[in-house]
Student: 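To start, I am sharing the structure in question, which I have written as structure tokens.
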There are 2 protein chains.
Amino acid sequence: MHKMNSKNKTFIDKLRSSGLRPTNQRVEISKFLFNRKKTFHFTVEELKNSMNLKRSKKISTATFYNTVHALKSAGHLKEFSLENNTSYYDTNIKSHHHFFDNGKVIDIKSDKITFHKLPDAPKGKKIKNVEVVIRLENNN
Amino acid sequence: MHKMNSKNKTFIDKLRSSGLRPTNQRVEISKFLFNRKKTFHFTVEELKNSMNLKRSKKISTATFYNTVHALKSAGHLKEFSLENNTSYYDTNIKSHHHFFDNGKVIDIKSDKITFHKLPDAPKGKKIKNVEVVIRLENNN
DNA sequence: ACATACTTTAGAATAATTATAAAGTAGTTA
DNA sequence: TAACTACTTTATAATTATTCTAAAGTATGT
């Protein structure tokens, strides 16, 4: 039997709206992801490690993957890729852009980049979204 | 003993400037990649399959990976990632952008996209490049 | 409290990539 | 050109990220 406070509600709603029953594991993952002020960038492996380090009873890899995927499909997480064959996720789902600096990711607010010219979508297609990556290197 | 025509020279130079001895395998890969009019997008697996299909003596996976990596490091290929954990390479190394349409990649010439506003690089950093991805979906 | 469908989990399976080390080849030098 | 050495190729094993499987556990409606 669970005591539910209003804070948990958010996390549970995110799960429910992703078609997931709010099990203990999922609620903890959801809390871990969304109970923070700043945007959080992570890989599933990183998420698993940082959560499981603190826990006596570990959450399984499959559960991390399942939960992250469902949250992403429901639009609660954004997915993106770097050049190292792992998927990164971002708790900031608002349209925005990224700096990439040697594997480190920094968000760029959407309004920091505006376009003067954009191409039309090919026939029969329309633009779903536009994503800008600004790669950085050290000065001098 | 090899007969070398002027056409091969280009491919061999690309290898040499990548720090690679122009072995038969590498020259054939280099030709396959660069002896074409249109930009070529590929994964290493695709490259391997399309080249090896035609050959009686197959080139090994490791050689494809090694060669592609060296060419990429030397700047003869551009690497990019989609959300499926495989690296894509592009023989068009000029700064340009991409449409992504369900895993299919279409080049966008650099001058088709111009910016009205771009953020400054963080302190101590400078912008190496700016890459735009326009994701497409079907109309209606 | 029951039943049932959904979950969790450990471990196997898969896919992309990288590492290993033995056999082969290019480039240099005598 | 013969010989040498360093670089290559290759098959195969290893690794990494991810997905699948099927048995045991749990949430939810009645």
Student: Under 4.0 Å between a side-chain N or O of A/Lys57 and OP1 or OP2 of C/dT9?
Tutor: yes

Student: Compare the minimum distances between each of C/dT9, C/dT17, D/dA27 and the side chain of A/Thr23, then state the nucleotide with the smallest one.
Tutor: D/dA27

Student: Please tell me if B/Gln25 has a side-chain N or O lying less than 4.0 Å from either OP1 or OP2 of D/dT10.
Tutor: yes

Student: Should the pair A/Lys72 and A/Tyr89 be classed as cation-pi, given the thresholds of under 6.0 Å to the six-membered ring centre and 45° from the axis?
Tutor: no

Student: Side-chain N or O of A/Tyr65 versus OP1/OP2 of D/dT18: is the shortest distance under 4.0 Å?
Tutor: yes

Student: Over all heavy atoms of both residues, which pair between A/His96 and A/Asp90 is shortest? Give the atoms and the distance, please.
Tutor: NE2-OD2, 2.9 Å

Student: Calculate the interatomic distance between B/Asn52 atom CG and D/dA11 atom C1'; express it in whole Å.
Tutor: 14 Å

Student: So if I take every side-chain heavy atom of B/Pro22 and compare against C/dG27, D/dT18, D/dT9, which nucleotide ends up nearest?
Tutor: C/dG27

Student: If you check every side-chain atom of A/Ala62, which of D/dA27, D/dC20, D/dT9 has the closest atom?
Tutor: D/dC20

Student: Expressed in angstrom and rounded to an integer, what is the separation of B/Tyr89 atom OH from C/dT17 atom P?
Tutor: 7 Å

Student: Between P on D/dG25 and CZ on A/Arg21, what's the gap in Å once rounded to a whole number?
Tutor: 17 Å

Student: Specify the closest pair of heavy atoms between A/His76 and A/Ser18, including all atoms of both residues, with the distance to one decimal.
Tutor: CD2-OG, 3.2 Å

Student: State whether B/Arg26 places a side-chain N or O below 4.0 Å from either non-bridging phosphate oxygen (OP1 or OP2) of D/dT9.
Tutor: yes

Student: Specify the separation, in whole Å, of atom CG of A/Leu15 and atom P of D/dT28.
Tutor: 11 Å

Student: By nearest heavy atom, map B/Ile59 and B/Asn85 onto DNA chain D; which one lands nearer the 5' end?
Tutor: B/Ile59

Student: Separation of B/Phe64 atom CZ from D/dT8 atom P, in whole Å?
Tutor: 17 Å

Student: Nearest whole angstrom, please: distance from the C1' of C/dT17 to the CG of B/Leu47.
Tutor: 15 Å

Student: When you match A/Thr67 and B/Thr43 each to their closest nucleotide on DNA chain C, which lands nearer the 5' end?
Tutor: A/Thr67

Student: Decide whether A/Thr61 and A/Lys48 meet the rule of one side-chain donor and one side-chain acceptor closer than 3.5 Å.
Tutor: yes

Student: Is any side-chain heavy atom of A/His41 less than 4.5 Å from a side-chain heavy atom of A/Asp107?
Tutor: yes

Student: For the residue pair B/Thr63 and B/Gln25, what are the closest heavy atoms and their distance?
Tutor: CG2-CB, 4.1 Å

Student: Between C1' on D/dT16 and CG on A/Asn49, what's the gap in Å once rounded to a whole number?
Tutor: 13 Å

Student: Between the side chains of A/Asn85 and B/Ser81, is a donor N or O closer than 3.5 angstrom to an acceptor N or O?
Tutor: no

Student: Report yes if at least one side-chain N or O of B/Ser87 is closer than 4.0 Å to OP1 or OP2 of C/dT17; otherwise report no.
Tutor: yes

Student: Can you find a heavy atom in the side chain of A/Thr67 that is under 4.5 Å from one in the side chain of A/Leu71?
Tutor: yes

Student: Does a side-chain heavy-atom distance below 4.5 Å link A/Val133 with A/Phe80?
Tutor: no

Student: Ignoring the backbone of B/Asn66, work out which of D/dT9, C/dT9, C/dT17 is nearest its side chain.
Tutor: D/dT9

Student: Quick check on the helix from C/dA1-D/dT30 to C/dA30-D/dT1: what's the angle between its two end axes, five base pairs per end, to the nearest 10°?
Tutor: 30°

Student: Taking only heavy atoms on the protein side, list every residue of residues 69-82 of chain A lying under 4.0 Å from any atom of DNA chain D, sorted numerically.
Tutor: A/His69

Student: Write down the distance between NZ (A/Lys58) and P (C/dA10), rounded to a whole number of angstrom.
Tutor: 11 Å

Student: Could you tell me whether the phosphate oxygens of D/dC7, OP1 or OP2, come under 4.0 Å of any side-chain nitrogen or oxygen in B/Arg16?
Tutor: no

Student: Under 3.5 Å, is there a donor-acceptor pair between the A/Asn139 and B/Lys125 side chains?
Tutor: no

Student: Taking only side-chain N and O atoms of B/Thr86, does any of them lie within less than 4.0 angstrom of OP1 or OP2 on C/dT17?
Tutor: no

Student: State, yes or no, whether a side-chain contact exists between A/Phe100 and A/Ile134 at a heavy-atom distance under 4.5 Å.
Tutor: no

